[in-house]
Amino acid sequence: CFRSLLTPVEVWNPTNQARNPHDHRRSTMAAANAFTSASMSCAPSLSGSVNVIAVCPRSVAAARTLSSSCLRPVRCAAVGTAAPVAATAEGDERRFEQLAVPPELVDELVEEALVWCSQHGLVVGDKNHPRSGKAPGVGLLHAPFALLPMSFPKVYWEQALELAPLFNELVHRVSLDGDFLQQTLARTKEVDPFTRRLLDIHSKMMELNKKEDIQLGLTRSDYMIDGATDKLLQVELNTISTSSNGLACGVSELHRNLIRHHQRELGLDPTSVVGNTAIAQHAEALATAWAEYNNQSAVVLVVVQAEERYMYDQYWITVALREMYGVTTIRKTMAEIEAEGDLRPDGTLVINGRPVAIVYFRAGYSPADYPSEAEWRARLLIERSSAIKCPSIAHHLVGTKKIQQELAKENVLERFLDNQSDIENVRKCFAGLWSLENDIIVNSAIESPELFVLKPQREGGGNNIYGDNLRETLIRLRKDGSNETAAYILMQRIFPPASPSYLVREGTFVRDNVVSEFGIFGAYLRNNDKVIINDQCGYLLRTKAASLNEGGVVAGYAFLNSIFLT
Ligand code: ADP
Ligand code: HGS
């Protein structure tokens, strides 16, 4: 199905396109959503080739872009758009719940969905298969998914879209303030060896006065709806290895497919499922950055883990990059980069003789990715090179929980953003965030641990501390009087509205009460003063049992889902 979408598009060749990857007649249409061969409406295009109509999320919000903000989206691939019909009905504009499945239809829908997943590459490696994380096509399982989408109020959707370019720009501006990063994480550095190693590389780059002319950020801001206040609150801002961008596109097409085939029984309009342009826009951002690097023989280096059961999620992006733009990617672990990588005198990073234009990290966000000094040498080699880092070490540090907490402090956003309404809009989505130096908050957390989340400076899911464990940890830290407190932040626990849903994993389904976390991917590309891309680039909706504390699909807690706009 993937390939059929890409013919008759000729492979993009920068020389005859004069480095204008923005000829979307060519690119974005083809891969609007690689999963969607079935659901496309075709119209004759300029070049007589098939013209693909996909739903661009931004078409929904275009009218509402903030007039006062100077940070407007730059460059959204103008995919042929048909605004999804928001199924609003009286009084449910804030309805935020799983769409109901008639019990008699469940088995049939589940079987159809499982078949669709295997036929459309909505798959992951099976953890019970020894080679599933090493060899593509071996030991596959369908990705975990919610059976039907979640009804999602347009007002939250639009708010999150408007925030995307603001957070992109904020990450960039904070990343330029090396002193802010070093000072804010100075105490954490003393008690958290992983963060210390990252900070050491960052301070080395500051000493070398190493400037990154071309900057590429592929981020994701995660939100939950706070059931108590109806507010959209930010859970965290990811600046490294943001994943599920490939598979997220698949689940929105799966849902559209199921609803289209059962429109009469479900009484739902498939076009209310918001199309996901994550694959197209991540590939376009990487291709545009590659063109800015301006070395035709250069490759995109994807930094991967030695065992990666989530490789298919990554391949959706890199195959789209090759198919749509003719850009080659190579996959290497940190250890392989250390062994095979080299720096030319002009700073070019070379892997087995091939120059590297972009280093796209899909690993390197967790201590487990640095089992020896070799991996740290590789990270330093990459940072010292002229390759575009996605992310750079500075961007990586901006995504730490401690920086998230510091930015939520009074008058700190004002240091980075100069438009008052942008500052208010960003601050509006901040949940309660505190350091452990705040005795009043620590007391409340010991008293009511269920209302808080204790977070170390870790990424990837499964690291946070909740409930009794949270209370005991705070009591221990206080008793020890150690400065280990600097390794954590405290966050207000957000309780999203729960609703029943069918969740499908490993070929079986359960019905459970669920809550969801909604993420908007962001793409930011600039070359010195020129901002080339500053935009949202697709979404991720993850649904988990309401009884679970932790989240994350890779971490095994959550299920992929899609948005049914209401
Ligand atoms: P990580 O970087 O490890 O993914 P997160 O901060 O995203 O860390 O937390 C992981 C998961 O924990 C989230 O996906 C969410 O399910 C849950 N979580 C995190 N913070 C909160 C919060 N403030 N309220 C409710 N749940 C939370
Ligand atoms: C990859 N192995 C993330 N990324 O985005 N998690 C989820 O695929 O590249 O699992 O819920 C890596 C975090 C959202 C998807 C996995 C941010 C990864 O876990 C990378 S750090």
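All ligand and atom numbering here is 1-based and tracks the order in the structure.
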Engineer: Nearest heavy atom to atom 16 (C) of ligand 2 wins, so pick from Y365, Y310, Y557.
Structural biologist: Y365
Engineer: Report the residues that fulfil ring-ring contact (aromatic ring centres under 6.0 Å, His included) with H142, sequence neighbours left out, ordered by chain and then residue number.
Structural biologist: F145
Engineer: By number and element, which atoms of ligand 2 are closer than 4.0 Å to a non-hydrogen atom of R220?
Structural biologist: 3 (C), 5 (O), 6 (N), 14 (C)
Engineer: Cut-off 3.5 Å, side chains only: do N464 and N549 have a donor facing an acceptor?
Structural biologist: no
Engineer: Can you establish whether the number of heavy atoms outside R354 located under 6.0 Å from its atom CZ is more than 12?
Structural biologist: no
Engineer: Which atoms of ligand 2 have any heavy atom of I240 under 4.0 Å away?
Structural biologist: 17 (C), 21 (S)
Engineer: Nearest 0.5 angstrom please: S499 OG to M150 CE, how far?
Structural biologist: 4.5 Å
Engineer: Give the atom numbers and elements of ligand 2 that come within less than 4.0 Å of a heavy atom of S241.
Structural biologist: 4 (N), 5 (O), 13 (C), 17 (C), 18 (C), 20 (C)
Engineer: Quick check on contacts: which atoms of ligand 2 are under 4.0 angstrom from a heavy atom of E459?
Structural biologist: 21 (S)
Engineer: Quick one: nearest non-hydrogen protein atom to atom 10 (O) of ligand 2, plus distance?
Structural biologist: V554 N, 2.7 Å
Engineer: Which residue supplies the protein heavy atom nearest to atom 9 (O) of ligand 2, what is that atom called, and how far is it?
Structural biologist: R362 NE, 2.5 Å
Engineer: Side chain, backbone, both or neither: which part of V553 has a heavy atom under 4.0 Å from ligand 2?
Structural biologist: both
Engineer: Taking the six-membered ring for Trp, are Y539 and F518 parallel (under 30°), tilted (30 to 60°) or perpendicular (over 60°)?
Structural biologist: tilted
Engineer: With atoms numbered from 1 as shown, which atoms in ligand 2 lie under 4.0 angstrom from a non-hydrogen atom of N238?
Structural biologist: 17 (C)
Engineer: Under 3.5 Å, is there a donor on one side chain and an acceptor on the other for Y370 and R379?
Structural biologist: yes
Engineer: Does the structure place the NZ or CZ of R331 under 6.0 Å from the centre of the six-membered ring of Y315, at an angle of no more than 45° from the ring's axis?
Structural biologist: yes
Engineer: H282 vs F521 aromatic rings, parallel, tilted or perpendicular, using cut-offs 30° and 60°?
Structural biologist: perpendicular
Engineer: Between ligand 1 and the protein, which N/O pairs are shorter than 3.5 Å?
Structural biologist:
| residue | atom | partner | partner atom | Å |
| --- | --- | --- | --- | --- |
| ligand 1 | 2 (O) | E236 | OE1 | 3.1 |
| ligand 1 | 2 (O) | E236 | OE2 | 3.0 |
| ligand 1 | 2 (O) | K401 | NZ | 2.6 |
| ligand 1 | 2 (O) | E459 | OE1 | 2.9 |
| ligand 1 | 3 (O) | G460 | N | 3.4 |
| ligand 1 | 3 (O) | G461 | N | 2.7 |
| ligand 1 | 3 (O) | N463 | ND2 | 3.3 |
| ligand 1 | 4 (O) | E236 | OE2 | 3.3 |
| ligand 1 | 4 (O) | G461 | N | 3.4 |
| ligand 1 | 6 (O) | K455 | NZ | 2.6 |
| ligand 1 | 7 (O) | E236 | OE2 | 2.9 |
| ligand 1 | 8 (O) | K401 | NZ | 3.3 |
| ligand 1 | 9 (O) | N464 | ND2 | 2.9 |
| ligand 1 | 12 (O) | Y466 | OH | 2.9 |
| ligand 1 | 14 (O) | E517 | OE1 | 2.5 |
| ligand 1 | 16 (O) | E517 | OE1 | 3.4 |
| ligand 1 | 16 (O) | K544 | NZ | 3.1 |
| ligand 1 | 16 (O) | G551 | N | 3.4 |
| ligand 1 | 20 (N) | K455 | NZ | 2.8 |
| ligand 1 | 23 (N) | Q492 | O | 2.8 |
| ligand 1 | 24 (N) | I494 | N | 2.8 |

Engineer: When you measure from the heavy atoms of G461 to every atom of ligand 2, does any distance fall below 4.0 Å?
Structural biologist: no
Engineer: Heavy-atom contacts with Q314 under 4.0 Å: which atoms of ligand 2 show up? List them by number with element.
Structural biologist: 1 (C), 8 (O), 9 (O)
Engineer: Judging by distance only, is a nitrogen or oxygen of D313 under 3.5 angstrom from one on ligand 2?
Structural biologist: no
Engineer: Check whether the side chains of E236 and Y223 place a donor and an acceptor atom closer than 3.5 Å, and report yes or no.
Structural biologist: no
Engineer: Rounded to the nearest 0.5 Å, what separation is found between the CG atom of L301 and the CD atom of E340?
Structural biologist: 10.0 Å
Engineer: Below 4.0 angstrom from a heavy atom of E308, which ligand 2 atoms are there? Numbered from 1 as shown, please.
Structural biologist: 1 (C), 2 (N), 12 (C)
Engineer: Between Q234 and S221, do the side chains contain a donor N or O and an acceptor N or O under 3.5 Å apart?
Structural biologist: yes
Engineer: Can you classify the ring geometry of W157 versus F152 as parallel (below 30°), tilted (30 to 60°) or perpendicular (above 60°)?
Structural biologist: perpendicular
Engineer: Rounded to the nearest 0.5 Å, how far does CH2 of W434 lie from CG of L490?
Structural biologist: 7.5 Å
Engineer: Looking at T242, which atoms of ligand 2 are within less than 4.0 Å of one of its heavy atoms?
Structural biologist: 5 (O)
